[in-house]
Amino acid sequence: MPELPEVETIRRTLQNGADEQPSLLGMRIVQAYLNWERTLAVPQATEFYTRIAGQIIQEIGRRGKYLVFRLNPDYLLVHLRMSGDLRLERQNQPEQPHDRLALDFDSGWRLAFNDPRKFGRAWLVEDPQIVLSGLGPEPLGDEFTAAWLEDELQRRHRQLKPLLLDQSFIAGLGNIYTDEALHRARLHPLIPADQVTAEEAGRLWESIRVVLLEGIQRQGASIDWVYRGGDFQNYFGVYQRTGQPCPVCGTPIERLVVGQRGTHICPNCQPI
DNA sequence: ACGAGCGCCTGTCGGC
DNA sequence: TGCCGACAGGCGCTCG
């Protein structure tokens, strides 16, 4: 379930707490568990256990689709990939199927990293830049301006959709929000970046931000069996709406494959 | 530089 | 009912 709005929703919940759960801030890690070795990218499991014990959650940040837990002195980074999720629960709760990694705190709470498909990863590092250095700008940050986007598009010849999905170009967009942003901007996913006009680039810039902000406002999208409580899925214009009418013009939504990813467009609003 | 293909994994769904 | 392929919110790697 992880694109920028979903990861941001998880970050806010862990940082601020929610109805039935406290904020993680200030909690001290007393023990770590690893059920699937490959979930931990670095360091080795034995070093991980001894190094993370005793560290305290100082801050919970986000960069692109990465959650960044500032400890002391290390950083714990988590990427949920396709099916990852984080659960905060009491330590007397039973382990769930597909729990891959867990942290027990001095408060009696446990943070569990559940990930059926095992694509998710965690890193314990001194410096988060070791993991994050290749990422492009934050689409909701100050660096990401319409002028920047227009300029960068002019310098590339890639198809729009694979370019927007490239985390080294912009950090945080995934399949859902890319399809939604392109639809809102009335741009076909296969258009070469350098053929996008200044006006179209401005539309795309605005669309990316609006779609991400709406996703965050609706606490993300909940799809399939991975449910988190967000309801942005009820407001999709094109994503997973093949055959249904475009909310703008009523034309049936079409599905195509772009860069091996299922892609949804309105053929009327998004001509090639 | 860029795109296609594939690997990593498990689960769900639709068609036969 | 059971089997089988297609597909899934991601990304890193090869190979042209």
Side-chain angles (χ1 to χ4, degrees), chain A residues 1-11 35-42 62-67 77-86 96-101 113-123 130-136 139 152-182 189-195 208 211-212 214-216 218-243 255-264:
Chain A
M1 60 150 301
E3 297 183 36
L4 190 155
E6 289 77 24
V7 177
E8 176 63 17
T9 299
I10 293 171
R11 186 197 71 77
N35 297 331
W36 184 256
E37 294 268 334
R38 300 191 59 170
T39 296
L40 183 62
V42 79
R62 179 191 57 74
R63 180 74 174 94
K65 303 174 193 172
Y66 290 83
L67 282 162
L77 275 62
V78 173
H79 196 305
L80 302 170
R81 295 280 180 99
M82 291 285 268
S83 61
D85 193 13
L86 292 175
Q96 297 295 310
H98 314 306
D99 280 352
R100 308 301 180 194
L101 186 153
F113 182 6
N114 187 274
D115 184 21
R117 291 181 71 180
K118 300 177 176 171
F119 291 163
R121 290 290 178 273
W123 297 255
I130 294 168
V131 180
L132 306 175
S133 62
L135 293 177
E152 290 294 320
L153 290 176
Q154 286 315 302
R155 306 165 54 162
R156 322 210 181 207
H157 193 62
R158 290 179 77 178
Q159 299 165 340
L160 270 185
K161 176 159 178 180
L163 182 60
L164 295 177
L165 286 173
D166 185 340
Q167 303 298 297
S168 70
F169 184 65
I170 302 173
L173 290 174
N175 211 30
I176 293 177
Y177 293 91
T178 299
D179 279 6
E180 293 299 324
L182 286 170
L190 290 176
I191 297 173
D194 54 6
Q195 284 180 27
I208 288 169
V211 157
L212 291 175
E214 191 183 349
I216 292 171
R218 302 201 178 279
Q219 303 189 76
S222 307
I223 297 188
D224 299 338
W225 77 101
V226 189
Y227 178 74
R228 274 210 65 84
D231 68 346
F232 187 56
Q233 72 278 6
N234 298 325
Y235 301 88
F236 289 165
V238 288
Y239 187 78
Q240 283 192 351
R241 295 194 63 246
T242 308
R255 180 184 185 278
L256 54 156
V257 175
V258 179
Q260 355 260 94
R261 308 298 300 275
T263 298
H264 310 79

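A, B, ... follow the sequence lines: proteins, then strands. Residue 1 opens every chain. Just so it is clear, the model here is predicted, and its values are computed rather than measured.
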So, is A:Arg38 close to the B:dC9 phosphate, meaning a side-chain N or O under 4.0 Å from OP1 or OP2? yes
Any A:Lys65 side-chain N or O less than 4.0 Å from OP1/OP2 of C:dG9: no
Give a yes/no verdict on base stacking between B:dC9 and A:Phe119: centres under 5.5 Å, planes within less than 30° of parallel.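 Not stacked: fails the 5.5 Å / 30° test.
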At under 4.0 Å between heavy atoms, what does [X] touch on the DNA or RNA strands: base, sugar-phosphate, or nothing?
{"X": "A:Tyr177", "value": "nothing"}
{"X": "A:Arg155", "value": "nothing"}
{"X": "A:Gln167", "value": "sugar-phosphate"}

Relative to the ring of A:Tyr235, is the ring of A:Phe232 parallel (under 30°), tilted (30 to 60°) or perpendicular (over 60°)? parallel
Donor/acceptor link under 3.5 angstrom from A:Glu3 side chain onto base of C:dG9: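 Check fails, no donor-acceptor contact within cut-off.
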Is a donor-acceptor contact shorter than 3.5 angstrom present between the side chain of A:Arg158 and the base of B:dA1?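 No pair found.
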Is a donor from one side chain sitting under 3.5 angstrom from an acceptor on the other, for A:Tyr177 and A:Glu6?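 Yes.
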Looking only at the side chains, is there a donor atom on one of A:Lys161 and A:Thr263 sitting less than 3.5 Å from an acceptor on the other? yes
Distance between P atoms of B:dG5 and C:dC7 (Å, rounded): 14 Å
